[in-house]
A.B. asks: 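For reference, the structure I am asking about is given below.
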Amino acid sequence: MDVDVHSETGGDIRLRQVVLDTEDARGLAAFYVELVGGHYRPGDEPPADGSHDDAEWVALRTPEGVRIAFQRVPELPRVTWPEGAVRQQLHLDFMVPDAAALERHRERAVSLGAVVIDDQSADPEEALYVFADPAGHPFCIFVAPDYAADLDW
């Protein structure tokens, strides 16, 4: 049974974006634009002359329409995933259609500054890598057997 969430909430509340804290909003936004594509929110583009601007806030939209924003904070302890003193509270999942794409995107992510923190690429049920982005946020890239169908839910 489908539930009309808008009727239950009054219809005026919507998720706008996911926000990641970081010590370098511009740099982390550039990492994700390179990793998944997309475009910056108008006015959030990098300086045309290539200079670093210490942006407080940068937002982008992925090709799928997901909005991700990056907020500069003075200090951010790195997550000690999967255990330890600084536990993750949120992570991003990215899916790919097959093992070849998984390896291609692992290479891309690492070349952009990500670090592999868990290699489960040999898992026959759900091959994946867990990474730390340049600011230390964990994210996953995994093979989704129902990749095409997953885009429709």
A.B. asks: Any side-chain heavy atom of His137 within less than 4.5 Å of one from His91?
C.D. replies: no
A.B. asks: Given the rule in the side chain to side chain contact (heavy atoms under 4.5 Å, CB included) test, do Tyr32 and Asp133 qualify, once you have shown the distances and angles that lead to the verdict?
C.D. replies: CA-CA 9 Å; Tyr32 280 103; Asp133 69 21; 2.8 Å; yes
A.B. asks: Checking the side chain of Asp118 only, and the main-chain atoms of Val130 only, is there a donor and an acceptor separated by less than 3.5 Å?
C.D. replies: no
A.B. asks: Decide, yes or no, whether a salt bridge links Arg72 with Asp54 under the criterion of side-chain N to carboxylate O below 4.0 Å.
C.D. replies: no
A.B. asks: Between Glu64 and Val36, does a side chain to side chain contact (heavy atoms under 4.5 Å, CB included) hold up when you go through it step by step?
C.D. replies: CA-CA 10 Å; Glu64 300 82 19; Val36 300; 5.7 Å; no
A.B. asks: For Arg26 and Pro47, work out which heavy atoms get closest and say how close.
C.D. replies: NE-CD, 4.1 Å
A.B. asks: Same cluster or not: Leu28 versus Ile117, using hydrophobic residues (I, L, V, M, F, W, Y) connected whenever any side-chain heavy atoms lie under 4.5 Å apart?
C.D. replies: no
A.B. asks: About how many Å separate NE2 of His52 and CG of Asp24, when rounded to the nearest 0.5 Å?
C.D. replies: 4.5 Å
A.B. asks: Would Phe139 and Val66 show up in the same hydrophobic cluster when neighbours are defined by side-chain heavy atoms closer than 4.5 Å?
C.D. replies: yes
A.B. asks: Do you know which two heavy atoms are closest between Ala127 and Ser121, and how far apart they sit?
C.D. replies: CB-O, 3.3 Å
A.B. asks: From Arg61 CZ over to Ile68 CD1, what is the distance, rounded to the nearest 0.5 angstrom?
C.D. replies: 11.5 Å
A.B. asks: Compare every heavy atom of Pro134 with every heavy atom of Gly113, then report the nearest pair and how far apart it is.
C.D. replies: O-CG, 4.0 Å
A.B. asks: Tell me if a side-chain donor or acceptor on Glu107 pairs with a main-chain N or O of His105 at a distance below 3.5 Å.
C.D. replies: no
A.B. asks: I'd like to know if Leu112 and Tyr40 are part of one continuous hydrophobic network [Ile/Leu/Val/Met/Phe/Trp/Tyr, side-chain heavy atoms within less than 4.5 Å].
C.D. replies: yes
A.B. asks: Kindly indicate whether the side chain of Asp53, heavy atoms from C-beta on, has any atom under 4.5 Å from the side chain of Pro46.
C.D. replies: no
A.B. asks: What are the two closest heavy atoms between Gly37 and Pro63, and how far apart are they?
C.D. replies: C-CD, 3.7 Å
A.B. asks: Are Val73 and Val86 linked, directly or through other ILVMFWY residues, by side chains that come within less than 4.5 angstrom of each other?
C.D. replies: no
A.B. asks: Could you pull out the closest heavy-atom pair between Val33 and Gly38, with the gap in Å?
C.D. replies: CG1-O, 4.4 Å
A.B. asks: Residues two or more places apart in sequence or in another chain: which of them pass side-chain hydrogen bond (donor to acceptor under 3.5 Å, both in side chains) with Glu103?
C.D. replies: Arg106, Tyr129
A.B. asks: Should Val96 and Ile141 count as side-chain neighbours, where that means a heavy-atom distance under 4.5 Å?
C.D. replies: yes
A.B. asks: May I ask you to decide if Leu35's main-chain N or O and Arg108's side chain share a donor-acceptor pair within less than 3.5 Å?
C.D. replies: yes
A.B. asks: Quick one: pull up CE in Met95 and CZ in Phe142 and give me the separation to the nearest 0.5 Å.
C.D. replies: 6.5 Å
A.B. asks: Would you say Val110 and Val79 are hydrophobically clustered, going by side-chain heavy atoms of ILVMFWY under 4.5 Å?
C.D. replies: no
A.B. asks: I need the Gln17 CD to Leu60 CG distance, nearest 0.5 Å.
C.D. replies: 9.5 Å
A.B. asks: Closest heavy-atom contact between Arg78 and Ala135?
C.D. replies: NH1-C, 3.4 Å
A.B. asks: Atom CG of Asp44 and atom CZ of Phe70: how far apart are they, to the nearest 0.5 Å?
C.D. replies: 10.5 Å
A.B. asks: For Leu90 and Leu20, run side chain to side chain contact (heavy atoms under 4.5 Å, CB included): C-alpha distance rounded to whole Å, both residues' side-chain angles, the deciding distance at 0.1 Å, then the answer.
C.D. replies: CA-CA 9 Å; Leu90 171 123; Leu20 296 177; 3.7 Å; yes
A.B. asks: Distance check, rounded to the nearest 0.5 Å: Arg67 atom CZ versus Arg16 atom CZ?
C.D. replies: 5.5 Å
